[in-house]
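Worksheet: one structure, shown below.
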Protein chains: 2
Amino acid sequence: MGRQPSGNGARRGRRPATSRAELERVAFDLFSTRGFDATTIDDIAAAANIGRRTFFRYFDSKNDVVWGNFTEQLESMRSRFAECPPEQPLMEAIRDVVVDFNRFDPAVVPWHRRRMELILRVPALQAHSTLRYADWRTVVAEFVARRLGVDSDALEPRAISHATLGVCIAAYEHWLIHPEAELGDVLHRMLTELASGFGARV
Amino acid sequence: MGRQPSGNGARRGRRPATSRAELERVAFDLFSTRGFDATTIDDIAAAANIGRRTFFRYFDSKNDVVWGNFTEQLESMRSRFAECPPEQPLMEAIRDVVVDFNRFDPAVVPWHRRRMELILRVPALQAHSTLRYADWRTVVAEFVARRLGVDSDALEPRAISHATLGVCIAAYEHWLIHPEAELGDVLHRMLTELASGFGARV
DNA sequence: ATGATCGTGACACCGAATGCCACGGGAAAG
DNA sequence: CTTTCCCGTGGCATTCGGTGTCACGATCAT
């Protein structure tokens, strides 16, 4: 909205009318009141004072709105993996990075909860999220592959990344149902169980 | 097509113009030649000599075509779980049932491969399949819950079912890339690794 | 024949998504 | 200041998936 100092200059044409973050806020408001499915893109565009066509220049689809800047965050997870000491056991390293990756400033936790409620409870988003999860798994698989000295699309790295993701989703679902639970604790617990093959169980 | 003996009678109105299985065959043919995305429902309906509206009386969506009669198959997996001897370790029981569930008559294996290629490689189907996977996981989670004496939507059953599914998908992806591999073997191997927490790895 | 039953398919409609293109705001070059 | 170029905007048309409505037609029971 307010004209930025444009970083170090070199801005040429017309200024963007809004931003991804702004659109996200507007859209989330509508999702909260009407629900995701009942909110049309026309609604979002109207509420943000942009044309419907312009919406699709900020997000590829309505589904993508709820994922914010996930791609950039993944990059930070990737570098976080790179910092893992080589002597740390594999599943332990994964556990620590994942728990770390899901640590949030308390101020944004309510927002994150709303985001995850949408992703994990709205069928259309449950479905679409699979495509985003793939990127997440790739980051994990790359790390595992490096550790095992195999290709990142080999069987083991893929299996481990799939299993890790599954456990994380279960932890998130639990966290949504039990707001009093600490997300990091739940993740830590279940990832530890995964590393033991759920061995404490019969 | 040929009029059936209608079981034991008591058929009333007009006879169905086709069947789910027939539509599946017609659709798969088109998917093979044009690809999934480039095949419209009008194409399928025209090829099957039915109206577009009628298509939606056989399948809820275009995506659902590739899943055939999955729901009924799930029922058989559920009863297969019920037959597990109580003394068998949990993860071992899951492994055996899942491997068993994915055993197919050699004659239908090529068909099954085409089906899974679609499900695991076409983005639209990757996304949609998440919703079907949920039913699959429920069956596993119910079994785990019974064994652990907890509710079937508790954390552990959900985590284990999620992790199991993940490993199975990885195994399937591997099987698609390596046609010479035996699906049952790959599944067995990875589910065993899961049960050990991928422990043989560093 | 008559009536109840049930699948069919035409029609209209909605919403997501995409291609096309003219418009307009804004910076740099003259 | 004017021209030039850049680039985001947004209107329009189109395609396609999916849904509600309703008249029609085929079939069986009486």
Side-chain angles (χ1 to χ4, degrees), chain A residues 1-23 26-27 30-31 34-67 118 122-125 127-129 131, chain B residues 1-23 26-27 30-31 34-67 118 122-125 127-129 131:
Chain A
M1 281 300 204
R3 55 200 56 190
Q4 297 137 324
S6 99
N8 43 16
R11 257 219 54 78
R12 246 329 236 269
R14 183 174 176 170
R15 246 164 312 194
T18 180
S19 66
R20 285 173 66 94
E22 172 64 15
L23 274 184
V26 170
L30 293 172
F31 294 161
R34 299 181 210 191
F36 181 83
D37 290 321
T39 303
T40 70
I41 295 184
D42 284 302
D43 292 336
I44 302 173
N49 288 313
I50 59 171
R52 168 196 168 74
R53 190 63 184 84
T54 301
F55 171 88
F56 284 104
R57 294 226 176 70
Y58 286 87
F59 294 98
D60 286 340
S61 73
K62 181 178 157 187
N63 293 328
D64 280 316
V65 176
V66 300
W67 281 92
L118 287 170
V122 176
L125 293 175
H128 177 257
S129 54
L131 306 177
Chain B
M1 277 306 201
R3 51 202 58 192
Q4 296 137 323
S6 100
N8 42 18
R11 259 219 53 78
R12 249 323 240 265
R14 183 173 175 169
R15 244 166 313 201
T18 179
S19 66
R20 284 175 66 95
E22 173 64 16
L23 274 184
V26 170
L30 292 173
F31 295 161
R34 298 182 210 190
F36 181 83
D37 291 320
T39 304
T40 70
I41 295 185
D42 283 302
D43 292 337
I44 302 173
N49 288 312
I50 59 170
R52 168 197 165 76
R53 191 62 183 82
T54 301
F55 171 89
F56 286 104
R57 295 223 176 72
Y58 286 86
F59 294 98
D60 286 340
S61 73
K62 181 178 158 186
N63 294 329
D64 280 315
V65 175
V66 300
W67 281 91
L118 288 170
V122 176
L125 293 175
H128 176 258
S129 55
L131 306 176

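Atom set for the values below is all heavy atoms of this structure, side chains included, hydrogens, waters and symmetry mates excluded. Just so it is clear: chains get the letters A, B, ... in the order the sequence lines come, proteins before strands, and each one is counted from 1.
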(Q) Would Leu125(A) and Trp67(A) count as a side chain to side chain contact (heavy atoms under 4.5 Å, CB included) here? Give the steps. (A) CA-CA 10 Å; Leu125(A) 293 175; Trp67(A) 281 92; 5.7 Å; no
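- If you measure from atom CG of Asn49(B) to atom C1' of dT8(C), you get 13 Å, rounded to the nearest angstrom.
- Across the protein-nucleic acid pair, Arg34(B) atom CZ and dC16(D) atom P stand 11 Å apart, rounded to whole Å.
- Using a 4.0 Å heavy-atom distance criterion, Gly51(B) is classed as a sugar-phosphate-only contact.
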Q: Please step through side chain to side chain contact (heavy atoms under 4.5 Å, CB included) for the pair Ile41(B) and Phe56(B), ending with a clear verdict.
A: CA-CA 9 Å; Ile41(B) 295 185; Phe56(B) 286 104; 3.2 Å; yes
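- Remark: side-chain polar atoms of Tyr58(B) are not paired, donor with acceptor, to backbone N or O of Val65(B) under 3.5 angstrom.
- Distances shorter than 4.0 Å separate some side-chain N or O of Tyr58(A) from OP1 or OP2 on dT9(D).
- Arg14(B) has no side-chain polar atom (N or O) that falls below the 4.0 Å cut-off from OP1 or OP2 of dT8(C).
- To the nearest 0.5 Å, the span separating CZ on Arg34(B) from OG1 on Thr40(B) amounts to 7.0 Å.
- Taking atom CZ on Phe56(A) and atom C1' on dG10(D), their separation rounds to 13 Å, with Å as the unit.
- Taking atom CG of residue Asn63(A) and atom C1' of nucleotide dA16(C), one finds them 10 Å apart after rounding to whole Å.
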Set out, line by line, the N/O atom pairs under 3.5 Å between protein and nucleotides 1-4 of chain D.
none

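- The interatomic distance linking Ile50(A) (CD1) with dG11(D) (P) rounds to 11 Å, in whole Å.
- Among the atoms of the strands shown, none is found under 4.0 Å from any heavy atom of Asp42(A).
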Q | side chain to side chain contact (heavy atoms under 4.5 Å, CB included) between Arg57(A) and Thr54(A), intermediate numbers included | A | CA-CA 5 Å; Arg57(A) 294 226 176 70; Thr54(A) 301; 4.3 Å; yes
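- Across the interface with DNA chain C, nearest-nucleotide mapping of Ile41(A) and Arg53(A) shows Ile41(A) to be the residue nearer the 5′ end.
- Between Thr54(A) and dG10(D) there is a side-chain polar atom (N or O) within less than 4.0 angstrom of OP1 or OP2.
- If you find the closest nucleotide of DNA chain C to Pro16(B) and to Arg57(A), the one lying nearer the 5' end belongs to Pro16(B).
- Stacking of Lys62(B) on the aromatic ring of Phe55(B) is not recorded, the 6.0 Å distance cut-off and the 45° axial limit not both being met.
- Atom pair Arg15(B):CZ and dT5(C):P shows a separation of 19 Å (rounding to whole Å applied).
- In terms of position on DNA chain D, the residue among Thr40(B) and Gly13(B) whose nearest nucleotide sits closer to the 5' end is Thr40(B).
- For the pair Leu23(B) CG and dG7(C) P, the computed distance is 15 Å after rounding to whole Å.
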Q: Go through the steps for Leu23(B) and Ile50(B) under the test side chain to side chain contact (heavy atoms under 4.5 Å, CB included), then give the verdict.
A: CA-CA 10 Å; Leu23(B) 274 184; Ile50(B) 59 170; 3.9 Å; yes
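- Nucleotide dT19(D) holds its P atom 11 Å from the CZ atom of Phe55(B), rounded to whole Å.
- Not a single donor-acceptor contact under 3.5 angstrom links the side-chain atoms of Arg52(A) to the base of dG15(C).
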